[in-house]
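By convention in this document, chain letters (A, B, ...) are assigned in the order of the sequence lines, proteins followed by strands, and residues within each chain are numbered from 1.
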Protein chains: 2
Amino acid sequence: MSVSFEQMRAARPGVFSPQCATRLVLDHVMSRWGVLVLWALTGGTKRWGTLRRDVEGISEKMLAATLRQLTADGLVHRDARATVPPHVEYRLTERGQELMALMLPLMEWIANNADEIATPQPAP
Amino acid sequence: MSVSFEQMRAARPGVFSPQCATRLVLDHVMSRWGVLVLWALTGGTKRWGTLRRDVEGISEKMLAATLRQLTADGLVHRDARATVPPHVEYRLTERGQELMALMLPLMEWIANNADEIATPQPAP
DNA sequence: CGGTATCCGCTTCGATACTG
DNA sequence: CAGTATCGAAGCGGATACCG
C-alpha cells in the first residue's frame, strides 16, 4: 500500500507532530474549500466569477481567503491585469499541478463511491 | 492529468452541488482529523490508546467523533471484545484500504514538499 | 481501558453592505 | 469585475468529570 504510516514515521520522525509543516499544508490543501478550489482549477485558468460559480456554495469571503492561502503556498498563481473593469485570472502553478495529479484519482474514487458511503444524517 | 474538473462535471452534473454525497464524504475523509486517523490506521490494526498517541494533538472527544464517523462511513472497522479491561481494535475496512491506497501517494508528496510550501504565519 | 456527557470559549463562516 | 469590512450565528474543539 505504498508507504504506510509506520514506514513514513520511521523514515521521518516528527512528520506528524502538530507543529510540523506537514500539518499546516494538510490543513490548507485538505480544507473544506481548498480541495474544491484546487479541483475547479484543474479545469484550467479561471476568473474570480467563474470560480465563484463553479465552487457551488462558497461565499465571497471564503473564496478570497482560500485563494490567498493557496497563492501564498505557491499552489495557485494569481494574474491581475490593471484594466477597467479589472481582469484577474487564477491557475495552478507547476507545483499545484503536481499535487492535483495525485489528488485527482482520489477525487474520482470518492465521487464514484460517495453514494455507497454516504452516511444518512442522524435525526435530530 | 487524469479526469479534470470539467470532464468530471460533464460526466456527472451535480457532483459538486452542496447537497451531493461527494461533499459529505469529502468533509469526513478530508477533515482535519479524518485524514490523520485514516493515515495512522494504514499501519495496521490499532487500539484506542495507540491511536490517541499516534495522532498527536487529537483530543479524546475528536478521536471518538472521528472514529464513529469513519466507522459509520464503512471505512473503519471497530472490533470490541467484552473483556475486563475492555479491548477494542480499529482497522481499515477493504473500502478504507482502497481509499488509502490512493491517499498515501498524496500524503507522501505533501510530506516531501511541506517545508517548501510552508507559508510563514503572517505577523499580527 | 475505552469511552460518553457537559460546559464553554473561540474561531470559522455566511450574509450583507460597501469600494476601487 | 473583483474584491474588502463588519457583524452576528453556528459549531468546532478542548477541559473536565464521570461511567461500564
Rounded distance in Å - [atom1] ([X]) to [atom2] ([N]):
{"X": "A:Met62", "N": "C:dA15", "atom1": "CE", "atom2": "C1'", "result": "14 Å"}
{"X": "A:Trp48", "N": "D:dC1", "atom1": "CH2", "atom2": "P", "result": "13 Å"}
{"X": "B:Ile58", "N": "C:dG3", "atom1": "CD1", "atom2": "P", "result": "13 Å"}
{"X": "B:Asp27", "N": "D:dG11", "atom1": "CG", "atom2": "P", "result": "13 Å"}
{"X": "B:Lys61", "N": "C:dA5", "atom1": "NZ", "atom2": "C1'", "result": "10 Å"}
{"X": "A:Arg81", "N": "D:dA2", "atom1": "CZ", "atom2": "P", "result": "11 Å"}
{"X": "A:Glu89", "N": "D:dA2", "atom1": "CD", "atom2": "C1'", "result": "13 Å"}
{"X": "A:Leu63", "N": "C:dG14", "atom1": "CG", "atom2": "P", "result": "11 Å"}

Exercise. Using heavy atoms to find the nearest nucleotide of DNA chain D for A:Pro85 and A:Arg68 separately, return the residue whose nucleotide is more 5′.
Key: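 That would be A:Pro85.
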Report yes if at least one side-chain N or O of [X] is closer than 4.0 Å to OP1 or OP2 of [N]; otherwise report no.
{"X": "B:Arg47", "N": "C:dG2", "answer": "yes"}
{"X": "B:Arg78", "N": "C:dG3", "answer": "yes"}
{"X": "A:Tyr90", "N": "D:dC1", "answer": "no"}
{"X": "A:Arg52", "N": "D:dA2", "answer": "no"}

Quiz prompt | Non-hydrogen side-chain atoms of B:Leu102 and A:Ile110 separated by less than 4.5 Å | solution =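 No - every pair of side-chain heavy atoms lies 4.5 Å or more apart.
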Quiz item: Is there side-chain contact between B:Val37 and B:Leu67, with heavy atoms separated by less than 4.5 Å?
Solution: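 B:Val37 reaches B:Leu67 side chain to side chain.
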Quiz item: Are any side-chain N or O atoms of A:Arg52 and backbone N or O atoms of A:Ile58, one a donor and one an acceptor, separated by less than 3.5 Å?
Solution: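 Side chain of A:Arg52 to backbone of A:Ile58: a pair is present.
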Practice problem: Could you please name the option among C:dG14, D:dG3, D:dG13 that lies closest to any side-chain atom of A:Val88? | Solution: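 Nearest to the side chain of A:Val88 among the choices is D:dG3.
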Practice problem: Between C:dT4, C:dG2, D:dC1, spot the one nearest the side chain of B:Glu60, thanks. | Solution: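 Nearest nucleotide to the side chain: C:dT4.
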Quiz item: Is a salt bridge present between A:Arg12 and B:Glu108, judged by a nitrogen-to-oxygen distance below 4.0 Å?
Solution: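 No.
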Quiz item: Does a side chain donor of either B:Glu6 or B:Ser4 reach within less than 3.5 Å of an acceptor in the other side chain?
Solution: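 Looking only at side-chain atoms, B:Ser4 and B:Glu6 do not form any donor-acceptor pair under 3.5 Å.
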